[in-house]
Amino acid sequence: MENRYDIITRINEYYGRMSKSQKAIADFISDHYGQAVFMTAAKMGETLGISESTVVRFATFVGYSGYPEFQRDLEDWVQNKINSVQRIGAKYGRSSQSEILTSVLTADIEKIKDTIDNLDSAAFETAVDIILEAKNVYIMGIRSCAPLADFLQFYLNMIRGNVILLRTTSVSETFEQMIRIDENDAIIGISFPRYSMRTLKAIEFANDRNAKVITITDSVHSPMNLYSSCNLLARSDMVSIVDSLVAPLSLINALVVAMCLKRPESVKLNLKNLENAWNNYQVYLNDEINFIDEEPMLYNPLWKEEK
């Protein structure tokens, strides 16, 4: 079998066409690969309450000649994951701290350049329009993508209302949070290898409800693209045991700036109202450092009462 992608990516690619039992197997392997790698087809079937033959058919469904080949590929994937720390040690073990810094930052610069060269400008413009025009915008990104989702939700909330951040460890709770999503809404799914099955299910559900689906992911081969009509690609390779999220964050920054430029008056009004609320309710108690004036403002009006 031609192994273009790792086994988890391959499983995610086929996920949308799987039966209920096959999805149960895929979910189990994705979430418990350390346990699944040691299981026979019979043992996995027993654990999931399905037949051994269903597990074997699952392996052939995702492109393997049989369960033994599938299990070998899973073993290789798990071993590569375990060896990642060892490979990092071999690569950087004799490097000085400054050399490591230069190497990682240079790699991040290359990812941004590659993103610029390969980003679909038409898709970018479409994404901006979809986000601004949607009645509700749902955002989902988990694990290492959670900070990206948080960042995007924070700034979108300043630009427009009705922005919902989906944050849960339960697929059923995800559906509960987006049960009212329809054709007037949009969802932004953020996922990079190892792709999130929960995020994939969320955008599949949104697509079934005719909502606009935008993905921020790394490749045209990403399973996130299965249910999206607007794909924003940003390179995110592993330079260490930590995913580089520099290019995706820059892409999100560009989205925010583009939306601000399209809706400057509403953005100014929202920010003005927010600042008034901060001042009226003393959210920051005027104790933040303000470098707008010649000297930083460190004065707190409540200090008089504390004397």
Side-chain angles (χ1 to χ4, degrees), residues 1-91 142-145 169 171 189-205 207 215 217-228 231 233 235-244:
M1 181 197 65
E2 182 185 358
N3 189 13
R4 296 180 297 161
Y5 325 119
D6 67 64
I7 188 170
I8 300 300
T9 302
R10 177 175 289 277
I11 289 173
N12 286 337
E13 270 197 338
Y14 283 89
Y15 190 84
R17 290 170 278 166
M18 291 181 184
S19 65
K20 183 177 179 180
S21 295
Q22 290 172 331
K23 286 183 177 180
I25 298 170
D27 292 346
F28 180 78
I29 293 170
S30 180
D31 294 335
H32 305 284
Y33 53 84
Q35 181 181 351
V37 70
F38 298 109
M39 288 183 169
T40 63
K43 181 62 178 178
M44 187 176 295
E46 179 185 346
T47 301
L48 296 176
I50 58 180
S51 67
E52 177 182 358
S53 60
T54 299
V55 178
V56 173
R57 285 195 298 272
F58 171 85
T60 57
F61 178 80
V62 295
Y64 293 88
S65 61
Y67 188 80
E69 184 184 16
F70 171 86
Q71 191 173 40
R72 284 195 300 271
D73 212 1
L74 182 59
E75 289 174 359
D76 290 343
W77 185 85
V78 173
Q79 188 61 49
N80 285 336
K81 196 170 182 67
I82 294 172
N83 289 340
S84 62
V85 175
Q86 297 174 349
R87 292 199 301 272
I88 296 304
K91 183 175 182 179
I142 64 173
R143 300 193 184 97
S144 62
C145 293
T169 57
V171 174
I190 308 172
S191 189
F192 293 84
R194 183 165 72 93
Y195 301 110
S196 164
M197 194 71 75
R198 271 178 282 157
T199 303
L200 183 65
K201 288 178 179 179
I203 63 176
E204 179 185 8
F205 178 75
N207 180 71
T215 58
T217 188
D218 67 315
S219 165
V220 293
H221 301 301
S222 169
M224 297 298 127
N225 300 334
L226 288 172
Y227 307 105
S228 171
N231 307 316
L233 306 182
R235 186 176 163 194
S236 177
D237 293 334
M238 294 277 285
V239 296
S240 65
I241 58 173
V242 179
D243 289 313
S244 171

- [ ] Measure across T54 and I25 and return the closest heavy-atom pair with its distance rounded to 0.1 Å.
- [x] O-CD1, 4.0 Å
- [ ] Could you tell me whether a side-chain N or O of S191 sits under 3.5 Å from a main-chain N or O of S196, the two making a donor and an acceptor?
- [x] yes
Task: Polar side-chain atom of Q22 near backbone of S19 as donor-acceptor pair, under 3.5 Å - done: yes
Task: Ion pair E204/K23, N-O distance below 4.0 Å - done: yes
Task: S65 backbone acceptor or donor facing E69 side chain under 3.5 Å - done: yes
Task: Test item: N225 side-chain N/O and V220 main-chain N/O as donor-acceptor pair under 3.5 Å - done: yes
Open item on the list: Test your reading of the model: is there a side-chain donor-acceptor pair from Q71 to the backbone of M39, 3.5 Å cut-off?
Closed with: yes
Task: Member of Y14, Y15, Y67 meeting the ring pair (Phe, Tyr, Trp, His ring centres under 6.0 Å) criterion with F61 - done: Y14
Open item on the list: Checking S51 against S53 for the side-chain hydrogen bond (donor to acceptor under 3.5 Å, both in side chains) test, could you report, in this order, the C-alpha distance in whole Å, the side-chain angles of both residues, the deciding distance, and whether it holds?
Closed with: CA-CA 5 Å; S51 67; S53 60; 3.1 Å; yes
Open item on the list: Testing I203, L233, I190, L226 one by one against T215 for a side chain to side chain contact (heavy atoms under 4.5 Å, CB included), which residue passes?
Closed with: I203
Open item on the list: So does K43 get a backbone contact from the side chain of T47, meaning a donor-acceptor N/O pair under 3.5 Å?
Closed with: yes
Task: Charged N-O contact under 4.0 Å between K201 and D27 - done: yes
